[in-house]
> 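Below is a structure I'd like to ask you about.
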Number of protein chains: 2
Amino acid sequence: MPTSESVDDYLRAILELSGKSEERVSSNGLATRLGVRAASVTGMLQKLAAQRPPLVLYEKHRGVRLSAAGMRRAWEIVRHHRLLELFLHDVLKYSWDEVHEEAERLEHFISERFEDRVAAILGDPEVDPHGHVIPHRNGTIPVREEVPLVEWPIGKPAVLSSVSDRDPAALRELQRLGLVPGSGLVVDESKPNASLLVRLSGQKRQIRLSIELALHVAVDASRI
Amino acid sequence: MPTSESVDDYLRAILELSGKSEERVSSNGLATRLGVRAASVTGMLQKLAAQRPPLVLYEKHRGVRLSAAGMRRAWEIVRHHRLLELFLHDVLKYSWDEVHEEAERLEHFISERFEDRVAAILGDPEVDPHGHVIPHRNGTIPVREEVPLVEWPIGKPAVLSSVSDRDPAALRELQRLGLVPGSGLVVDESKPNASLLVRLSGQKRQIRLSIELALHVAVDASRI
DNA sequence: GCACTAATTTAGGCTAGCCTAAAAAATTCT
DNA sequence: AGAATTTTTTAGGCTAGCCTAAATTAGTGC
């Protein structure tokens, strides 16, 4: 069961689109995320489902979800991705918004040895530069309770937990505003579908965040 | 002119088979080196020659050589390869014989930024762990006069300049014997097509080297 | 429940890069 | 030189993964 670059991309996309829930993922959603046509997705899903063991569970017109084997491979790629992001940031001095693209390319090609050596150099880190947990070598995934910032109650102190890594411009903006993992903050005001007013811990200045930008941010839900 | 992994492999193989000279490289030689059939080589050479600008100069039945553009790309890949080898060895603590395989895979996928950052971390190094010169960023290649050990005169002190990186078992053996770049040595005896007797500087013990192993070794010819 | 729309799948094609088998050219041997 | 051998090229196929266009299924409003 050696997987190709494309297969890895599909598996990771399914994992990430299905969120933490067991939801089935739609062909269209995958097509958009992967930048291919829906017809191509259908073809690939049929192939992945036909593998032995199957990498996905697929019923036509009913979406797809990962099998146990698919799940394992997807998290493996995520581990590669997040270790690489941290490595690029900490060792090769990439900036916050540069790491994603390079990690996305390299994640498919590094060996187990590379993975292990990088993890060792970084001291078996728990999270990547965007605050996402790094799956363990053995496949277990540390649990982290997170809530999208836009769903966080007004007035309740929160700790910024992670930011999406897929949009460099948004990342630069968040960094400029001081919204990085670990930042303490309070939401002062929330206009649904418009914007949020947040304050960073110990600062008086309010920051206005567009919903679009706020959607990139999650806070630590274990601190409720 | 974005090049694929395959194209890069062909260009690098042509570069390395043509030696320093202007020799044309044969289809068979390429096929063997690349692990594909000769018919596949012919097909690829025709494509490379048909590109604008052409990456190779190819006349059927008469072998192939790199064009200026092909040369540029091939050396670029070599720079990637050698920087990666040194990086894997020095930073990620890979052993001498492990670096080649990983570098061979990754050389196709690292960005210019990655290349630059790695070079910076390593202090713009001149040579890789096997003693091969690292081409400069701008495409110039430092000159190094080398002679295969088997052609070095008997009794004349020499400095080991480089070893081939393609055979892990040979590398381990050479390392065990203390034959690493920088080692001083003298050839005491040379039986053509059989073996060499060499002595390391300051050691009395003679080392018997099979021709096969000796062919992996080159010495610094500027010290004649 | 039926008509309309949106989502999905099927059918048929394309390219890159490999393959085998057969043809052609070059080289070597006598 | 001519025959035998080796090298190289041509011809025709295959797979992965993408595409477009057309057909089908699902979902929605009336």
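Predicted model, so just to flag it, every value in this text is computed and none were measured.
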> Are the ring centres of His130(B) and His100(B) closer than 6.0 Å?
no
> Enumerate the residues from residues 43-58 of chain A whose closest heavy atom to DNA chain D is under 4.0 Å, giving them by residue number; use none for an empty result.
Met44(A), Lys47(A)
> Flag the pair Glu107(A) / Arg79(A) as yes when at least one side-chain heavy-atom distance between them is below 4.5 Å, and no otherwise.
no
> Take a 6.0 Å sphere around CD of Glu112(A) and say whether it holds more than 12 heavy atoms from other residues, nucleotides or ligands.
yes
> With rounding to the nearest 0.5 Å, note down the distance linking CD in Glu85(B) to CZ in Arg82(B).
8.0 Å
> Which residue, Val36(A) or Ala38(B), contacts DNA chain D at a nucleotide closer to its 5' end, judged by nearest heavy atom?
Ala38(B)
> Whole Å only: how far is the CZ atom of Arg62(A) from the C1' atom of dT25(D)?
13 Å
> Which part of the nucleic acid does Thr42(B) contact within heavy-atom distance under 4.0 Å: base, sugar-phosphate only, or nothing?
base
> So what does Ser6(A) hit on the nucleic acid, given a heavy-atom distance under 4.0 Å: a base, only sugar-phosphate, or nothing?
sugar-phosphate
> Does any part of the side chain of Arg105(A), heavy atoms only, come nearer than 4.5 Å to the side chain of Ser111(B), both counted from C-beta?
yes
> I'd like to know if Glu104(A) and Arg12(A) make a salt bridge, using a cut-off of under 4.0 Å between side-chain N and carboxylate O.
yes
> Nearest whole Å is fine: how far is dT25(D) P from His61(A) NE2?
6 Å
> Of all nucleotides in DNA chain C with an atom under 4.0 Å from a non-hydrogen atom of chain A, which is the first and which the last going 5' to 3'?
dA7(C) to dT10(C)
> For the rings on His108(A) and His80(A), is their centre-to-centre separation under 6.0 Å?
no
> Name each donor-acceptor pair under 3.5 Å that joins a side chain in residues 166-173 of chain A to protein atoms two or more places apart or in another chain, with its distance.
{"from": "Asp167(A)", "atom 1": "OD1", "to": "Ala169(A)", "atom 2": "N", "distance (Å)": "3.1"}
{"from": "Asp167(A)", "atom 1": "OD1", "to": "Ala170(A)", "atom 2": "N", "distance (Å)": "3.2"}
{"from": "Arg172(A)", "atom 1": "NH1", "to": "Asp97(A)", "atom 2": "OD2", "distance (Å)": "2.5"}
{"from": "Glu173(A)", "atom 1": "OE1", "to": "Arg176(A)", "atom 2": "NE", "distance (Å)": "3.2"}
{"from": "Glu173(A)", "atom 1": "OE2", "to": "Arg176(A)", "atom 2": "NH2", "distance (Å)": "3.0"}

> Select base, sugar-phosphate, or nothing to describe what Ser40(A) touches, counting heavy atoms under 4.0 Å on all strands.
base
